[in-house]
Amino acid sequence: MRYISTRGEAPVLAFSDALLAGLARDGGLYVPEAFPVLAPQQIAALAGHSYAEVAGRVIAPFLDGVFAPAVLAPMLEGAYASFRHPATTPLVQIAPNRFVLELFHGPTLAFKDVAMQLLGPMMDHVLTQRDQRATIVGATSGDTGSAAIEAFRGSDRTDVFILYPAGRVSEVQRRQMTGVPDANVHAIAIEGTFDDCQAHVKALFNNHGFRDRLQLAGVNSINWARIVAQVVYYFVAGVALGAPHRKVSFVVPTGNFGDVLAGYVAKRMGLPVDRLVVATNVNDILARTIATGRYEVTGVVPSSSPSMDIQVSSNFERVLFEALDRDAGALRGLMASLAQSGAFSPPNAAMAAIRADFDAGRADEVQTAATIARVRAETGYLLDPHTAVAVSVAERLPQDRHVPQVVLATAHPAKFPDAVARACGERPALPPHLADLMERPERTPTLPSDIGAIEAYIARHARAAEGVA
Ligand SMILES: Cc1ncc(COP(=O)(O)O)c(C=O)c1O
Ligand SMILES: N[C@@H](CCOP(=O)(O)O)C(=O)O
C-alpha cells in the first residue's frame, strides 16, 4: 500500500513515511492509493475477538508490512491495555435501536486515545529503527492535545508542541495538557481560535526548511494513521450489531471530520454502513455545506462542546477528493478558492456523491443542554456535551427501524463538568487516576497568534535538530 497526496504534487510514500509526514509537502493530505476491502466472511470472522485482535485485522492491509506480526500484536495489546473497560469501546443502549459507542475509556477520557495510544508506539518504533528524532507539532481544541501528550510524554525520540486556543478549552482539558511535568512536553496557549492553531501547524509543515531541520511530524488527523486506527471501532460496533448481515448507521459529533471520515473508510472497506450522520454544534460549516453545497468559513463561536468549535475542517478535503473521483487538479482549485475567499462550491456531482453517504444536522446550545438533562432523567445515562450534540441530531432525523443507529460517545462527561452541571445540575467526578488533576502545577507559555513567534519558540526548545544523543 502506497500513499498519495490529495493535491497530487507530493511524493508518493510508504506507510512508515506517511506516518511521520503529517501534511503532504504540497499542502494536501495523504490517502491510500486504494481502499482495501474485507470480504463478508472476513468481517463475520471478526466477531468474538478482542479489540486488539480486530484492530490487527482491520489495520494490517494499510501497513505495508512495516511492522512484523510479532511486533504489531504486542503493540496493539499494549495500546488497548491502557483502557479502563474490558471491551475497550463498549456499546450501551439508550433507546430502542439507538446505542452509544463509548470511546472515552482511555487515559485522557476522549476518543483520541484510541488512535493516539497506538500512534505513540508506532512512531517510536519507526524512529528507533531509523535512529532518528522527531518534533511533533499539533493543534488542539482540547482533546487531541492531551491524548498526544499522554502518548508521547517522556519519549526520548520526540518533543511534543501542542498549540491550544487560550481560554477556549475546558479547565480539565487544559490541566491535562499543562499539568504534565515531562521535559519533552510543551503545551502552548495561543491567543486565537482552534482554526488559528491549526492554520499555524499547517504553516509550519509548509515551511519546508523549518520542517526538514526540525524533522516535523504531525499527530492531528492530517496523519492518515490516526484515521486508520479510528476505522477499527466502526467494525467492532458494526459486527456487534449484526454486520455483515445487517446494516448499521453512525451518528458522529464532528469538527475536523476525522472521526466520521473513518466511518466512510470502514464503509469503503466493506462494512455495511447505511448512513453516516455528521452532527455539528453551532459551528456548523459541515452541516451547512451538506445542506447548501457551499463550504463557507465564518467566525468560530465558543460553545459548551469546545472540541468541536472548528470551522476549517481539515478532513473534508479527503472526502472531497473521493467525491471528485480523485481529481487532484479540481481539488487544488477548490482549495485555492478557500485560501483566497474563505469559501468554495464543489461541483453538483461531487455534492451528490457526498450526500449519497452523509446526512448532517446541528444542535444549538439549548438543544444540547436539554438533551443532556432529558437523557439523564429518562435513562440514567449521562452524556458529555459533544455526544449530546450527536444524540440531539439523531433524535431529529427520520430513523429506519430496521437499521441500528450508533451514536459515537467521544468524551467522558467529567471533562466538561461545568457544562454538564449547567445542563442537569450534576457535576461528574473525574476517575481515580485523575483525581488530583486540579492540584497539579501547570506549565504553559502563552504566545500571540503569530507564526514567527511560534517557530522561534519551537526552534529554541526542540531537540530534533541536535540528532540522537
Ligand atoms: C470530544 C470530541 N468530540 C468530537 C470531536 C470531533 O471529531 P472530529 O474532529 O474527528 O470530527 C472532537 C475533536 O476532534 C472531540 O474532541
Ligand atoms: N477536536 C480536536 C481538534 C483536532 O482534531 P484532530 O482530530 O485533527 O486532531 C481536539 O480536541 O483537539
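Remember, it's 1-based here, ligands and their atoms both numbered in the order they're listed. Quantities reported herein were computed from a predicted structural model and do not represent experimental measurements. Heavy-atom basis, side chains included; hydrogens, waters and symmetry copies ignored. Position 1 is the first residue of the sequence; numbering continues from there.
- A heavy-atom separation below 4.0 Å is found between K112 and ligand 2.
- With hydrogens and angles left out, the side-chain atoms of S392 and R396 include a donor and acceptor closer than 3.5 Å.
- At least one N/O-N/O distance between G255 and ligand 1 falls below 3.5 Å.
- Only the side chain of D143 comes within 4.0 Å of ligand 1, judged by heavy-atom distances.
- L20 places none of its side-chain heavy atoms less than 4.5 Å from the side chain of F15.
- Ranking the protein heavy atoms by distance from atom 11 (O) of ligand 2 puts D143 N, 2.7 Å first.
- Taking any N or O of D384, backbone or side chain, none lies under 3.5 Å from an N or O belonging to ligand 1.
- In this structure, H186 has its ring center under 6.0 Å from that of F161.
- Taking 4.5 Å as the limit, every side-chain heavy atom of D259 sits out of range of all side-chain heavy atoms of L261.
- For F358 and F257, the distance between ring centers is under 6.0 angstrom.
- Using a 4.0 Å cutoff on heavy atoms, S141 counts as a contact of ligand 2.
- Between F104 and F111, the distance separating the two ring centers is not shorter than 6.0 angstrom.
- For ligand 1, the atoms lying closer than 4.0 Å to a non-hydrogen atom of A411 are 1 (C).
- Of the polar atoms of Q198, none of the N or O atoms is found under 3.5 Å from an N or O of ligand 2, judged by distance alone.
- Both the sub-6.0 Å distance and the 45° axial angle are not jointly satisfied by R268 relative to the ring of Y234.
- Under a 4.0 angstrom heavy-atom cut-off, F194 registers as being in contact with ligand 2.
- Close contacts of ligand 1 with M308, meaning ligand atoms under 4.0 Å from a residue heavy atom, involve 4 (C), 5 (C), 6 (C).
- Residue T410 places at least one N or O, backbone or side chain, under 3.5 Å from an N or O of ligand 1.
- The aromatic rings of F416 and H386 sit tilted relative to each other, their planes meeting at an angle between 30° and 60°.
- In the vicinity of T140, heavy-atom distances shorter than 4.0 Å reach the ligand 2 atoms 10 (C), 11 (O), 12 (O).
- A donor-acceptor pair shorter than 3.5 Å can be found between the side chains of S307 and Q173.
- The protein heavy-atom contact nearest to atom 10 (O) of ligand 1 is D259 N, 2.8 Å.
- At a heavy-atom distance under 4.0 Å, only side-chain atoms of N256, from C-beta outward, approach ligand 2.
- At least one side-chain heavy atom of P413 sits under 4.5 Å from a side-chain heavy atom of L382.
- Using a 4.0 Å cutoff on heavy atoms, P253 counts as a contact of ligand 1.
- When only interatomic distances are considered, the shortest N/O to N/O separation between K112 and ligand 1 falls below 3.5 Å.
- The shortest N/O to N/O separation between T254 and ligand 1 does not fall below 3.5 Å.
- For the 3.5 Å distance criterion, the side chains of E365 and N281 fail to qualify, holding no donor opposite an acceptor.
- Not close to ligand 1: K415, with no non-hydrogen atom less than 4.0 angstrom away.
- In this structure, D418 does not pair ionically with R422, as no charged nitrogen and carboxylate oxygen lie closer than 4.0 Å.
- In the model, T108 has no side-chain atom that pairs as donor or acceptor with a side-chain atom of Q176 under 3.5 Å.
- Near R226, with a cut-off below 4.0 Å to any heavy atom, the atoms of ligand 2 are 6 (P), 7 (O), 9 (O).
- With hydrogens left out, the protein atom closest to atom 8 (O) of ligand 2 is S221 OG, 2.5 Å, a heavy atom.
- Near T144, the atoms of ligand 2 lying under 4.0 angstrom from a non-hydrogen atom of the residue are 2 (C), 4 (C), 5 (O), 6 (P), 7 (O), 9 (O), 10 (C), 11 (O), 12 (O).
- Of all atoms in ligand 1, listed by their number and element, those nearer than 4.0 Å to a heavy atom of G258 are 8 (P), 10 (O), 11 (O).
- Nearest to atom 7 (O) of ligand 1 by heavy-atom distance, out of F104, F416, F111, F257, is F111.
- Not a single heavy atom of G258 sits under 4.0 Å from any atom of ligand 2.
- Taking a cut-off of under 4.0 Å to the non-hydrogen atoms of G142, the atoms of ligand 2 that pass are 10 (C), 11 (O), 12 (O).
- The shortest distance between side-chain heavy atoms of V232 and V54 falls below 4.5 Å.
- Protein heavy atom nearest atom 8 (P) of ligand 1, with residue, atom name and distance: N256 N, 3.5 Å.
- Proximity of L19 to W224: side-chain heavy atoms (C-beta onward) are nowhere separated by under 4.5 Å.
- Residue contact annotation: M308 has no non-hydrogen atom under 4.0 Å from ligand 2.
- Residues D143 and K415 are paired through a salt bridge, judged by an N-O separation under 4.0 Å between the basic side chain and the carboxylate.
- The shortest N or O to N or O distance between S141 and ligand 1 is not below 3.5 Å.
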